[in-house]
There are 2 protein chains.
Amino acid sequence: MSVMQAMNIPPADPGLDAIFGALADPTRRAILTRLAHGPATVTELVAPFEISQPAVSRHLKVLEGAGLIERGIDEQRRPAKLRAANLAQAVEWLTQFRAFWGSSFDQLDDLLKVMKQQDVRTEDE
Amino acid sequence: MSVMQAMNIPPADPGLDAIFGALADPTRRAILTRLAHGPATVTELVAPFEISQPAVSRHLKVLEGAGLIERGIDEQRRPAKLRAANLAQAVEWLTQFRAFWGSSFDQLDDLLKVMKQQDVRTEDE
DNA sequence: TCATTATATAACATGTCTGTTATGCAAGCC
DNA sequence: GGCTTGCATAACAGACATGTTATATAATGA
C-alpha cells in the first residue's frame, strides 16, 4: 500500500484542476466578482477591462468549462450568469486544513452541508 | 468612475494568482494534503509520485512562492512544512459568494476572524 | 579523502496560457 | 436587402508551465 493510500489522500480531481485553474487568473476572478452582482453580456464584461472581446470570450469559456458560469441566450446576446455551486468544491477541498486554524473551523463542515443542499436545488432549476 | 469601481470590486491580487495557481496542480494539492499530516523531506515526497525529484523540488518552490509551505534545514535534508495560513486568503476570496449558498454562510465571517488571529500568531513564531 | 545521500539547478523539449488581429455568422433594424 | 450589433472562432505570437536528464553542491560517514 502506498503512502498516499495509507494516509487516505483523495485522488486527483480534474474538476479541482479546472476550478482552481480558473480562479488563478485575475481577470477571471474579476469577472466572477462582477457576475456576483448579476448576469452580464460579453460586451458589458469587456468594458471594464483593457483586453479585447475575444479574450473575454475565452475567459468565459474557461469559466464555463470549470462550471463556474452558465451562458444564456437573449437575442444576439449570450449573457453569463454566475454558477457559484462549484466554488463549494474549492471550499470543500480547503477544509481539510481547518485543523491548522483551530477547531472553530469545524463550523465549515455544517456550512458545507448547507452548500451541498443548495447545490441540489440549483441542479433542479 | 468605472463599473468595477462602482461595484467595489477588489483590485487584482498577485498573491491570489500565486495561491490559486499553486492549487491548480494536482501534484501540488497532493503534496499539501500530505504535508497536512506533518513535515516531509523531498525524498519522502517524491516516493508516492511517478515524477522525478527535480520535478518535486520545483513544485515545492511554487508552493513556497505562494507562501503555502516553509522549508527547514535538517542536515542534508530540507523538510517542507505546511504553512496553511495563506490558504485563508483563498477562503476569504471565496466568501464573497456566500450569498449564493444562503445566509448560513455568514458563519464564515466569524471563521475568518479566527483564521486571521491564528495568522498573526503564526507570524510571531 | 572518497563515496553516499539529499537536494538544487541548468538545459532542454513540449504543451498550454493569454493575448492579439482578422474574420465568420446570427439576430435585429433601417 | 444591407447595415449594425453581439459574439465566436481561427491563426498566430510570446510567455509560462511541467516534465525530463545531466550535473552541481552540500552534508554525512566510512
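Note that the structure is predicted; figures quoted are calculated from it, not measured. Each chain gets a letter, A, B and so on, in the order its sequence line appears, and its residues count up from 1.
- With sequence neighbours excluded, no residue satisfies side chain to side chain donor-acceptor pair (under 3.5 Å) with E64(B).
- In this view, R28(A) satisfies the salt bridge (Lys or Arg N to Asp or Glu O under 4.0 Å) rule with no residue, not counting sequence neighbours.
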| message | Please encode protein proximity along nucleotides 24-30 of chain C as a string of B, S and -, counting only heavy-atom distances under 4.0 Å. | response | ---BS--

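- Every residue was checked against the side chain to side chain donor-acceptor pair (under 3.5 Å) condition with R58(A), not counting sequence neighbours, and none meets it.
- Residues forming a side chain to side chain donor-acceptor pair (under 3.5 Å) with S57(A) (at least two apart in sequence, or on another chain): Q53(A).
- Residues satisfying the side chain to side chain contact (heavy atoms under 4.5 Å, CB included) criterion with A24(B), sequence neighbours excluded, are F20(A).
- In this structure the side chain of R71(A) reaches within 4.5 angstrom of the side chain of V42(A), judged on heavy atoms.
- Contacts of E50(A) classified as salt bridge (Lys or Arg N to Asp or Glu O under 4.0 Å), with partners at least two apart in sequence or in another chain: none.
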| task | Could you run through nucleotides 9-23 of chain D and give me one letter per nucleotide, 5' to 3': B if any protein heavy atom sits under 4.0 Å from the base, S if only the sugar-phosphate is that close, - if neither? | result | B-B------BBBBB-

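- Under the side chain to side chain donor-acceptor pair (under 3.5 Å) criterion, Q76(A) pairs with no residue, sequence neighbours left out.
- Atom P of nucleotide dC17(C) and atom CZ of F20(A) are separated by 17 Å, given to the nearest angstrom.
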